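For reference, the structure discussed in these notes is given below.
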Number of protein chains: 2
Amino acid sequence: MPPGDVESQALAVFAALTDPTRRALLDELARAGPATVTDLARRLPISRQAVAKHLGQLAEAGLISSAGPTGRRHPYRLEPAAIRTAQTWLARLAHRWDDRLAALEDALDATEDAPHATETNRGDTRP
Amino acid sequence: MPPGDVESQALAVFAALTDPTRRALLDELARAGPATVTDLARRLPISRQAVAKHLGQLAEAGLISSAGPTGRRHPYRLEPAAIRTAQTWLARLAHRWDDRLAALEDALDATEDAPHATETNRGDTRP
DNA sequence: CTCCTTTGCAACCTGTAGGTTGCCATCAAT
DNA sequence: ATTGATGGCAACCTACAGGTTGCAAAGGAG
């Protein structure tokens, strides 16, 4: 899987975790194990179709996976791998930030007697 | 800081990272170091107030911090600690999921000859 | 003092995310 | 063969996030 997909999956995971209803769905799957759409809709105070949409997004983010069409019931189960992906992406981001901050501090020390145009461009404003 | 705040900060970080404009702002801060609102607004194709709102959200999430009212200019700088918080929260979530999945699998083995009511409640639907 | 830049606040506009209702296809059970 | 649950699709409604414009206050530079 190319690194670009890692980023997009991490972002999808973040977007998925942002919504409280989706977090409730994940909590429910973690609490009582795999469940189907109507199953979850009965436990949450929202309609079945709303649950289906959210499960679709969660599946697209890789946080859950359909167990396959076993007869008529389509149970979904948690998929911890997606969280790990997002986690490592976050770790890389933090690392990058640390590096940049250190580099900028070094540059600030070096330019203390040579005030170059390191600052932001002070260009003209267009009316 | 109580653990409840950890969760809310992590969620705020996720919400902040979801928006592409906010990611662009963070990238710009990482690339060229601390910058003010108008500074960033000149580089991005959006208005100053939009930038201000986003910076407010980023600051609330703890991802950036105002360097303090130094005269008239209010530069913002990156704050890597918030990312670490979100990262550890994700790690805990993944850990919890793993534990639950293992426990559920064990319970599934134990109930193979004693089919209790471990399944989801098949209660009646109320009109 | 006067001018210019930076910043903050408030009202307003618009697309879309989250939710609903309604209808239809599919499979299991009696 | 009929009934009843389940799942999928589409149209529709509504609140809010992202963005804009406009204006007023607060330093700095001349």
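In what follows, every chain begins at residue 1, and chains take the letters A, B, ... in the order their sequences are listed. The model shown is predicted, which means the values in this text are computed figures rather than measured ones.
- Residue order along DNA chain C, read from the 5' end via each residue's closest nucleotide, puts A:Pro45 first among A:Pro45 and A:Arg48.
- At distances below 3.5 Å, at least one donor-acceptor pair connects side-chain atoms of A:Arg100 with backbone N or O atoms of B:Ala30.
- Looking at heavy-atom distances under 4.0 Å, A:Thr38 makes contact with sugar-phosphate atoms alone, never a base.
- To the nearest angstrom, P of C:dC9 lies 11 Å from NE2 of B:His74.
- With C:dG19, C:dT6, C:dT7 as the candidates, the nucleotide lying closest to the side chain of B:Arg42 is C:dT6.
- For the pair A:Lys53 NZ and D:dC9 P, the computed distance is 12 Å after rounding to whole Å.
- In terms of phosphate contacts, A:Thr36 brings no side-chain nitrogen or oxygen within less than 4.0 Å of OP1 or OP2 of D:dT6.
- Rounded to an integer number of Å, the gap from B:Leu17 CG to D:dG18 P is 13 Å.
- Summarising the geometry, atom CH2 belonging to A:Trp89 is positioned 12.5 Å from atom OG1 belonging to A:Thr85; distances are rounded to the nearest 0.5 Å.
- In this structure, B:Arg22 contributes its side chain and B:Leu17 its backbone to no donor-acceptor pair below 3.5 Å.
- A distance of 9.5 Å separates CG in B:Leu58 from OH in B:Tyr76, rounded to the nearest 0.5 Å.
- Checking C:dT7, C:dG19, C:dG22 against every side-chain atom of A:Gln49, the shortest atom distance belongs to C:dG22.
- D:dA17 atom C1' lies 14 Å from atom CG of B:Leu58, rounded to whole Å.
- Of the side-chain N and O atoms in A:Arg22, one or more sit less than 4.0 angstrom from OP1 or OP2 of C:dG18.
- When the nucleotides D:dG19, C:dT20, C:dG8 are ranked by their closest atom to the side chain of A:Ile46, C:dT20 comes out on top.
- Neither OP1 nor OP2 of C:dT21 sits under 4.0 Å from any side-chain N or O of A:Ser47.
- In this structure, CG of A:Leu40 is placed 16 Å from C1' of D:dG8, rounded to the nearest angstrom.
- Side-chain proximity of A:Asp19 to the nucleotides C:dG18, D:dG8, D:dG19 is greatest for C:dG18.
- When distances run from any side-chain atom of A:Gln57 to the nucleotides C:dG18, D:dG8, C:dG19, the shortest one goes to C:dG18.
- Judged by distance alone, with hydrogens and angles left aside, B:Arg73 brings no side-chain donor or acceptor close enough to the base of D:dG28 to form a pair under 3.5 Å.
- For B:His54, counting side-chain heavy atoms from C-beta on, the closest listed nucleotide (D:dG19, D:dG7, C:dT7) is D:dG19.
- Remark: the backbone N or O of B:Ser66 is not paired with any side-chain donor or acceptor of B:Arg77 at under 3.5 angstrom.
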